[in-house]
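What follows is one structure encoded as structure tokens, with my remarks underneath.
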Protein chains: 2
Amino acid sequence: MAFKSLSQPRVRLADEVYAQILQAIQNGAITSEDRIVQEKLAEEFGISRTPVREALFRMEQEGILAVAQRGGFKIRKIGPDEITELYEARCSIEGFAARLLAQRNDKALNMRLREIIADAEDLKNETVKAYFNANLTVHRAIVEASENRFLLEFFDNLWNRGSSFTLFSTIESTDLSKSLGDHMALIDAIESGNDTFAAEKMIAHISDGHRLQVQSGRV
Amino acid sequence: MAFKSLSQPRVRLADEVYAQILQAIQNGAITSEDRIVQEKLAEEFGISRTPVREALFRMEQEGILAVAQRGGFKIRKIGPDEITELYEARCSIEGFAARLLAQRNDKALNMRLREIIADAEDLKNETVKAYFNANLTVHRAIVEASENRFLLEFFDNLWNRGSSFTLFSTIESTDLSKSLGDHMALIDAIESGNDTFAAEKMIAHISDGHRLQVQSGRV
DNA sequence: TATATGAATACTGTATACAGTATACGTAAA
DNA sequence: TTTACGTATACTGTATACAGTATTCATATA
């Protein structure tokens, strides 16, 4: 009789702290007005400063947090220039992912992506948060399907920044039906097997999203 | 009379440790056979474990180091699949940088890039290391010129991995004259103002480098 | 000779102490 | 009332201690 393996990597408090801070940023419990101080957070968690400090450094390195005036960290805000660059970086990562998928031209995979898009856009609640998650699910599925761990790591890096939540949410929920068509058109382009065309379509899609951002005045 | 500002950010030991470890990896003082242990390194540096530990975590997060069997870290090796993905990620980043430069079509900038290429490829010593540095200088200049901080961060992330030194060195130094032409051809493509063409040229150039890697049997 | 077990050592995660720097606040003087 | 200065507090970087887990080694037994 075989037993189930009990071997597990050692769980670190720093990782749990990281996850909780990230969640607090995403659900608004920590805002861009807040100053995140090692000692204060350690007291809140009831642990020592060491794992808190390690988690905060990791988030700083990932661009989620920045050093605050008077000590501590804050959610890293980005200006219009950096927002443009963030969208450009998305074009680079996700455009190339589309290119790789078009080269592979895997029909079953493309069908699966269509299902993911349909599922993700079947929203129960048309809130900003629900829309952000749907958009993230779709775009991440495409990059994940490219099976390139670096592109996925860079994608997560871009989307995990605290400001991304508000940035990448669709501007108006009334765009939903339009957006649904847009995503399926991406799979159409991938299915064409033309890698440059697929990349261009993804780049155009993301650039459109950026244009909507600028037009909304949110930046 | 005005005085020179003395205000400087606080220097951290962890940053100095990071720089020294990275340099030791690049010049071969630390090899892929070595196991890097927090306590051992702290003793060598004559400091406590805390800054060493922070530096090692940072390198692990950047993909330079990986957790070793029996404790400690080692240089993160990558297999053939990951090498392919690393070149793909380069295509994504550097291809898009070329695209942005073609869109900008700044003649003075392009001239400056030509000078950088000529300088970088005027090698005094045709060693693997010299060649790696020349190649890095050229490719990084192009990404830096794109003025997108995310692309540059991702570029550095890819090139800073310990294995990158051997990966991205040109196979044979006799390729030098060919390589020199290749890089200038990239600027030709950028100067054409055709963004898709410039991107394709960069992608082809990097793919060629990957093909040479595979043919050399180094992977 | 091979295997099992106990002890020693290696290594790490976290807690806490200490020292230094930055900032805020209260008070006194102009 | 404003400014300057001293003190208190905030905050952080690093050192060191402690405890737990993993690995290695030596010895005993089969």
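Note on naming: letters A, B, ... go to the chains in the order of the sequence lines (proteins, then strands), and numbering restarts at 1 for each one. In this text, all values refer to a predicted model and were calculated from it rather than measured experimentally.
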If you look at every strand shown and take non-hydrogen atoms under 4.0 Å, does B/Phe73 touch a base, only sugar-phosphate, or nothing? nothing
Side chain of A/Thr50 - closest among D/dG13, C/dA15, C/dG13: C/dA15
Whole-Å distance between D/dT14 P and B/Phe57 CZ? 15 Å
Nearest whole angstrom, please: distance from the C1' of C/dT14 to the CD of A/Glu43. 17 Å
Give me the ring orientation class for B/His183 and B/His205: parallel if the planes are under 30° apart, tilted from 30 to 60°, perpendicular past 60°. tilted
With the side chain defined as heavy atoms from C-beta on, A/Ser48 is closest, among D/dC11, D/dG13, C/dT16, to C/dT16
Find out whether A/Asp106 and A/Leu101 are in side-chain contact, i.e. whether some heavy atom of one side chain is under 4.5 Å from a heavy atom of the other. no
Rounded to whole Å, the CZ-P distance (A/Arg12 to D/dT21) equals 16 Å
Rounded interatomic separation in angstrom, taking CG from B/Leu13 and P from D/dT16: 12 Å
In terms of the nearest nucleotide of DNA chain C, which residue is placed more toward the 5' end: B/Arg35 or A/Gly46? B/Arg35
A/Glu62 side chain reached by B/Gln61 side chain, heavy atoms, under 4.5 Å: yes
Value in whole Å for how far the C1' atom of D/dT14 lies from CD of A/Glu54: 13 Å
SB check A/Arg112 A/Glu115 (cutoff 4.0 Å): yes
Please determine whether a side-chain nitrogen or oxygen atom of A/Gln38 lies at a distance below 4.0 Å from atom OP1 or OP2 of D/dG13. yes
Most 5' of A/Arg49 and A/Arg70 on DNA chain C, judged by nearest nucleotide: A/Arg49
Answer with base, sugar-phosphate or nothing: what part of the nucleic acid does A/Glu39 contact at a heavy-atom distance below 4.0 Å? base
How are the rings of B/Phe150 and B/Phe154 set relative to one another: parallel (under 30°), tilted (30 to 60°) or perpendicular (over 60°)? tilted
Residue-phosphate contact under 4.0 Å: B/Gln69 side-chain N/O, D/dA22 OP1/OP2: no
Round to the nearest Å and state the distance from A/Phe45 atom CZ to C/dA15 atom P. 12 Å
Which whole-number value in Å describes the distance from B/Ile36 CD1 to C/dA10 P? 19 Å
When rounded to whole Å, the CZ to P distance for the pair B/Arg53 and D/dA15 reads 14 Å
